Amino acid sequence: MNYYRLAVNTPFNNSLLSYCSEEEFEIGDIVKVPLGRRTELGLVIETLEKEDNIEYKSIIEKVPGSLKSEEYFIQLIKLIAQYYYYPMGRLYFESLPKLLKRPRGEFEPIIGQSQKKIEPNQLQTDIINSIQTEMLQNPTPQFLIHGVTGSGKTLIYTELMGNVLQTGKSVLFLLPEINLTPQFIDDLSQQISGKIITYNSSLNDSQKFHVWNKVHDLDEPMVIIGVRSSVFLPIKNLGLIIVDEEHDHSFKQEDRCPYHARDVAFFKAKLSKCPVVLGSATPSVESYYRFTTQLPHHYFRLDKRANLKPMPSILLVDKKIEGAETIVSTPSIKLLEKAHKDKRQSIIYINRLGYAQFLTCQKCGHRFDCPNCSMSLRVFKKKNILRCSCCNFEKRKPDQCPECQNLKLEPIGLGTERILETLNKSHPDLKVVRFDREELKSFEDIKATLKDFADSKIDVLVGTQMITKGHNFEKVDNVIILGIDNQLNFPDFRSGERVFQQVLQVAGRSGRFENEGFVVVETMNTENEIFDYIKNYKVDEFYKFEIDLRRATHFPPFYSLVMISLSAAKLDKVMQESHNVVRELQLYNKGVCEIYGPKPAIVEKRVNKFTWNIILRASDRNSLRIVLDNWYKNNKIQSGISLKIDVDPLSIN
Ligand SMILES: [Zn+2]
Ligand SMILES: [Zn+2]
C-alpha cells in the first residue's frame, strides 16, 4: 500500500489530506478522491509513511489525460496559499484551466517578426545595459522602471525579452487586461523575433488548456503575454518576468484568493531563479518607496517622452466658480471648440458608466435602491433602465415616485451617457462618441471606433478607464477629466495615490505627437495639495508627501494590513460571528496588532449577503502573521458564513 498527502479541492482551512492506494502515483498527478459523500479532485504533493492511528481512504483513480504539475509549481502554490491564508488545494485547482477530456482545436502562437524599426535612445540603452549587467551577477534581481507615458518603456521590455529569448529562456509579460489590445500585440510582434502566446479572458476553455500544456512542455523559448491569472502558468525555463503598469489595481484579485499578481510574480521569480522588471508611469507608493530607498541602483527614471514632445499642460477648473451643476465647464468647452476648428481631437474621461449615479424624487427625496445590495441603482437613459453596478439587477426606469406619486424624478451625478447628451445638445456640429463597455461590447467594436477616431470621423471620445490605456491617439490635443472628486473624497488611505495615478495616466494621452497637449481637471477641491503636485509634475514631491502621510497615519509601506471579512445572508449571524472573531483574535494578540472593528463594509449588503470587516494592523509583519496564524489554525467560523482573509488589501472598506 502507498500513502500520499494530497491538496484537495475544498474550501476548508486544511485542504491537505492523507489518502492511500494500491497504485503508485507521482508527485504532481491529479486524482479523484472521496471527500465526505462527494468525489473531489486532489493533487498528489507528497509520499508518506503509514501512521498507525489514521484511517486512510482510498484514492479512486488518476484523472485520465489530465495536466501534470512540476514540483516547483506545486511549491509556488504552497507559498501563495500560505501567504494569503487560502486553502492550497482550492488555490491549485482554481489556477488550473478546466480539465478537459477532449479539448477542441489547437492553439498556435503568434510568430513575431522583428522589423527593428526603432532603435533605443541613449537613456534606454543605459537602462538596458544596467539591467543586463545586474542580471549576469545576480540570479533574481528586481527592477523598477518609472517612466512617463510615451517614454519608451515598451522598447526596453522588448530589447530585454529579445536577449532572454536568445539565451533559450522564456519571458512572462504581465499587463492589465485593459492594455492587452490587438494594437498592442501587433506593435509588440514587430519588435520581437520569436513566438508569442497571449493569455486573457477572451480565450475559451480549450484554448486555455492548450496554452497550459504548451508552456509546461515548451521545446523552444517564447514570450507569454497575459493578464493577472497568467502568473500561474507553469512556464518551463522561465528567464524573466515583466510586470507593466505594476500599480494597476486589476492585478489584485478581489474574489476567491485575493492575491496580487505582482507579488505572486516575486515568489515565482525566486523559485524560477529569474529577474523581475516592474514598470509604470505612476508606480504604487509601496514600490516607489521600496526601490528608491532600498534598491536605488535598480530604480530607473524616464522623465521625458521618447520623441521629446513636452508633457501636456495641466489646468485646474474650479467647479465652485463654474457651479456644481455644470456638466462640462466653459474652459473645457472652449478647448473642445478650438480643437474642432483646428481639425484636432479631444478626449473626455469620466470613470462612470451610464447616465447618472442615481435617481431621486424631487419632492420627497426617495432614492431608487437595489433590492439586493445597499447601493443606489445607476440610470441608463438610452436603455431606459436602472441597474445595480454590483449585482446587475435591472428594472425599467420608473416615471413616478412610489412614495409620493410625484412625476419629477431627478438624475443625480454624471456618467459617459449624460456627457454625450449634453454635448450633442449644446454642440450638434461636434461628432461625439462614447468609449465604454456599455457601448462597445467586443474587440471588433473597439477596433472600429478606434479606426473612426484615427480617420478623424470623430471629434470627441467620451470614455471610462478603457480609454486610458494602450492606445496611441495621434491627433488628440485635449484631455478633459471629470468626476475626479468622487475618487478624491472616497474615504480610503489610497485615495490620493489613485487620483494622482488616474490623472497622470489619462493626461499621458494628449499632445503625444504634434501639437502641445492640454489637460483639464474639473474639481471642487482646487486647493488640495495633490493637484499642485500633479499640475506641476512634482512627482518626487508627491511621493514624499504621500509617504510622510502614510508614515504618520500608520499605513503601508510602514504598517502591514490584513482585512478579515465575514459574509452571510443573515445580518445578525454575521455581526455576532464578527464580534466572536475579534474576541478570539484578542486572545492571541497580546498587544502586538491594532485590531479595528468589526464594522460593516462600505457596501454592507451585496447580492443579498451582508459583509462585516475586521482590520489587523502592525508595524511588524511577522508578529502580525503569528497572531493571524494562531487564530487561523484554531478558528471555528460557523458553517454558512464565508470567510475572506485579504492580506495587503488595496482598500480597507
Ligand atoms: Zn417622492
Ligand atoms: Zn445589486
Side-chain angles (χ1 to χ4, degrees), residues 177 201 249-250 252-256 258 324-325 350-418 434 436-441 464-466 483 486-487 489-492 498 563 565-575 577-578 598-613 640-644 646 649-653:
E177 176 99 36
S201 60
H249 292 179
S250 68
K252 175 91 173 172
Q253 176 159 286
E254 293 297 341
D255 58 344
R256 296 172 292 163
E325 67 290 341
I350 177 158
N351 208 12
R352 299 274 163 163
L353 277 176
Y355 188 81
Q357 226 165 321
F358 59 90
L359 192 64
T360 181
C361 169
Q362 277 189 338
K363 205 161 143 198
C364 75
H366 172 81
R367 268 201 203 192
F368 294 83
D369 290 334
C370 176
N372 311 320
C373 312
S374 40
M375 297 266 280
S376 292
L377 295 167
R378 293 192 71 76
V379 184
F380 292 82
K381 195 170 173 183
K382 198 167 137 192
K383 292 189 173 150
N384 199 35
I385 54 165
L386 303 180
R387 187 198 296 149
C388 174
S389 49
C390 184
C391 70
N392 288 328
F393 167 86
E394 264 183 28
K395 68 175 187 185
R396 208 180 63 80
K397 189 164 150 270
D399 303 318
Q400 209 176 37
C401 172
E403 302 284 337
C404 72
Q405 280 69 51
N406 175 25
L407 292 173
K408 285 210 171 115
L409 303 177
E410 195 187 0
I412 305 285
L414 292 182
T416 49
E417 214 187 326
R418 190 170 202 175
R434 267 166 56 202
D436 59 48
R437 66 183 149 82
E438 195 66 26
E439 185 75 4
L440 310 172
K441 295 284 185 201
T464 54
Q465 236 211 327
M466 258 173 83
N486 283 326
Q487 185 65 70
N489 298 330
F490 188 72
D492 188 67
R498 287 193 190 195
M563 182 160 80
S565 305
L566 302 185
S567 318
K570 290 225 164 61
L571 177 59
D572 53 347
K573 221 171 155 185
V574 173
M575 285 170 67
E577 196 69 339
S578 305
K599 65 176 178 84
I602 198 161
V603 181
E604 186 183 16
K605 187 176 146 202
R606 278 177 184 266
V607 205
N608 292 314
K609 279 195 167 179
F610 295 88
T611 302
W612 277 51
N613 296 331
I641 295 189
S642 42
L643 166 71
K644 175 179 165 188
D646 191 350
L650 285 185
S651 152
I652 48 168
N653 288 295

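The analysis underlying the following values was restricted to heavy atoms, covering all of them including side chains, and did not include hydrogens, waters or symmetry mates. As the structure lists them, so they are numbered: ligands from 1, and atoms in each ligand from 1. Since the model is a prediction, treat every value here as computed from it, not as a measurement.
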Exercise. What angle sits at the Zn ion (ligand 1) between SG of C364 and SG of C401, to 10°?
Worked result: 110°
Exercise. Once rounded to 10 degrees, what value does the angle at the Zn ion (ligand 2) take between SG (C373) and SG (C391)?
Worked result: 110°
For this session: Decide yes or no on side chain to side chain donor-acceptor pair (under 3.5 Å) for R367 and T360, but give the supporting numbers first.
Result: CA-CA 5 Å; R367 268 201 203 192; T360 181; 5.5 Å; no
Exercise. Near the Zn ion (ligand 2), is there an N/O/S atom from C370 that is less than 2.8 Å away?
Worked result: yes
For this session: Can you spot which of K383, R378, R352 makes a salt bridge (Lys or Arg N to Asp or Glu O under 4.0 Å) with E438?
Result: K383
For this session: Could you give me the CA-CA distance, side-chain angles and deciding distance for W612 and E577, then say whether side chain to side chain donor-acceptor pair (under 3.5 Å) is met?
Result: CA-CA 9 Å; W612 277 51; E577 196 69 339; over 6 Å; no
Problem set entry | Closest non-hydrogen atom pair between P398 and L386, with its separation | CD-CD1, 3.5 Å
